[in-house]
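Take a look at the structure set out below.
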Amino acid sequence: MPTESPPLKRGERGWKTATFVIFVGTGITYASWVTRTPAIRSSLGVGTGDMGLIILGLSIGSMAGLLLAGPVVARVGARHVITAAATVASLGLFTVGLGSGVAIAALVGLGLAFTGAGFGMCEVALNVEGAAIEKRMGRSFLPSLHGAFSLGTLAGAGLGAIAELLDVPVPVHLGVLAVVVIMSSVSVVALLPPATGREVGRTRRRSGTSGLTIWRDTRIVLLGLIALGMAFAEGSANDWLPLGIVDGYGVGSATGAAFYVVFVAAMTSGRLLGGRVVDRYGRSATVRWSAALAEAGVLIVILAGNLVLAALGCVLWGAGVALGFPLALSAAADSGADAARRVSAVSTLATWHFWSGRRSSGCSGSSSDSCRPSTSSSPAPSSPGWSRVRPGKPVRPRSLRSPA
């Protein structure tokens, strides 16, 4: 076997539960920052264009974490990477809160870079854990885990909306969250197997997917492009939807946060219920229909001019982006040996949406102080890459066949 993946027969429940809980915690952490973006922007006294530059710190950190995580997971295993990621992300959250409190934009950007690095490292390691569990189960499981992340973002968004209503200072909110994350992660991570994703012995030299050689696999590149389109659509909502609703519809910060809750609720439902759809209809058909729903939702939010229709658009947007990214990662893990490097490669390519999306998506006219969703947030409904990959259904237990 090319990688170590502990059997589920012993300790299965603890492994699955711990992975689920960590996905939830990551979502809470991420959404807590997202829902406070209007308050952070106000405390810094910056416009939308400058806020885009500050958020770019999160993108830079995420890219660094993703690039680093694959090789490190392959060497030491996913559990150690998750522990390090939680520590880095907690430090970042504390720094973001501090920067907001003292109104120093550079400090907020630095904190976001640390937070992004923690998220990037954790994303790869957690998906490697989830892919290993999925392979043992022989049915779709990663969408449910990403649904756990969405549950966390729903909870975090709800807490953030309450914090906005109660005018809880950003430093207090994020500072308390940082302490909770670092304390809870220590006990939960201990339940994970010590070596999931770690390359064994000679495999490290024989894998053929180390370094840049993994990019010679056309399937990985195409899966990365699929993940890029879906991540772009999802990331646009994560980063700009609250601000877009506030500025585009002339409502308050609490309403903007509430619309983000609607989006996350729809995405969560899609991920938690989507596993059966994938198992029945296959990955290709599911992704095509998902992209069409997301496209319709984005256009409604942009063009509606009515809050009720905009809420409907948020539902379609969230449901549409629910499955694309986890299915691309699942297919990458199934496509051959060295799941950590393959998941890392697809995740890395997907995060290129950070560079274009966080700076421009969701905002028409970034030179002004207002933000409204733009059509650049939309994914392509029909992906030629997915048609070529045709990954079909998840692999059966102990099978390492490609998803072709």
Does the Thr87 side chain pair with the main chain of Thr83, one donor and one acceptor, at a distance under 3.5 Å? yes
Does Ala254 offer a backbone N or O that forms a donor-acceptor pair with the side chain of Glu164 under 3.5 Å? no
For the residue pair Phe149 and Tyr30, categorise the inter-ring angle as parallel (less than 30°), tilted (30 to 60°) or perpendicular (more than 60°). tilted
Does any non-hydrogen side-chain atom of His146 lie less than 4.5 Å from one of Asn127? yes
Criterion side-chain contact (heavy atoms from CB on, under 4.5 Å) on Leu272 and Leu151, from CA distance to verdict: CA-CA 9 Å; Leu272 292 176; Leu151 281 175; 4.1 Å; yes
Mind checking whether Thr95 and Leu107 have side chains closer than 4.5 Å, heavy atoms only? yes
Specify the closest pair of heavy atoms between Ala178 and Phe94, including all atoms of both residues, with the distance to one decimal. CB-N, 4.1 Å
Any sub-3.5 Å donor-acceptor pair from Ser330's side-chain atoms to Pro326's backbone N or O? no
Could you please spell out the steps behind the side-chain contact (heavy atoms from CB on, under 4.5 Å) verdict for Val108 and Leu44? CA-CA 9 Å; Val108 173; Leu44 296 177; 4.1 Å; yes
Decide side-chain hydrogen bond (donor to acceptor under 3.5 Å, both in side chains) for Arg36 and Ser100; before the verdict, give the C-alpha distance in whole Å, the side-chain angles of both, and the deciding distance to 0.1 Å. CA-CA 10 Å; Arg36 302 313 302 269; Ser100 176; over 6 Å; no
Which atoms form the tightest heavy-atom contact between Gly14 and Leu191, and what is the distance? O-CB, 4.1 Å
Side chains of Trp33 and Leu177 in contact at under 4.5 Å (non-hydrogen atoms): no
Going through the checks in order, is the side-chain contact (heavy atoms from CB on, under 4.5 Å) test met by Val81 and Val124? CA-CA 9 Å; Val81 174; Val124 173; over 6 Å; no
With a sphere of 6.0 Å drawn around CZ of Phe114, does it hold more than 12 non-hydrogen atoms of other residues, nucleotides or ligands? no
In the structure I gave you, are the side-chain heavy atoms of Leu273 and Val277 within less than 4.5 Å of one another anywhere? no
What's the shortest heavy-atom distance between Ala105 and Ile54, and which atoms? CB-CD1, 3.7 Å
With the side chain counted from C-beta on, respond yes when Val315 and Val262 share a heavy-atom pair under 4.5 Å apart, and no when they do not. yes
Show your working on side-chain contact (heavy atoms from CB on, under 4.5 Å) between Leu307 and Phe259 and close with a plain yes or no. CA-CA 9 Å; Leu307 285 175; Phe259 269 73; 3.7 Å; yes
Only one of Leu243, Thr35, Thr37 clears side chain to side chain contact (heavy atoms under 4.5 Å, CB included) with Tyr260; which? Thr35
Heavy-atom nearest pair, Ile22 first then Cys122, reads CG2-SG, 4.4 Å
Give a yes or no answer on whether the side chain of Ser43 reaches the backbone of Ile40 with a donor-acceptor pair at less than 3.5 Å. yes
Between the main-chain N or O of Ala233 and the side-chain N or O of Trp317, is there a donor-acceptor pair closer than 3.5 Å? yes
Backbone N/O of Ala332 and side chain of Arg342: donor-acceptor pair under 3.5 Å: no
Please find the pair of heavy atoms, one from Ser32 and one from Leu174, that lie closest to each other, and give the distance. O-CD2, 4.2 Å
Arg79 and Leu192 have their tightest heavy-atom pair at NH1-O, 3.0 Å
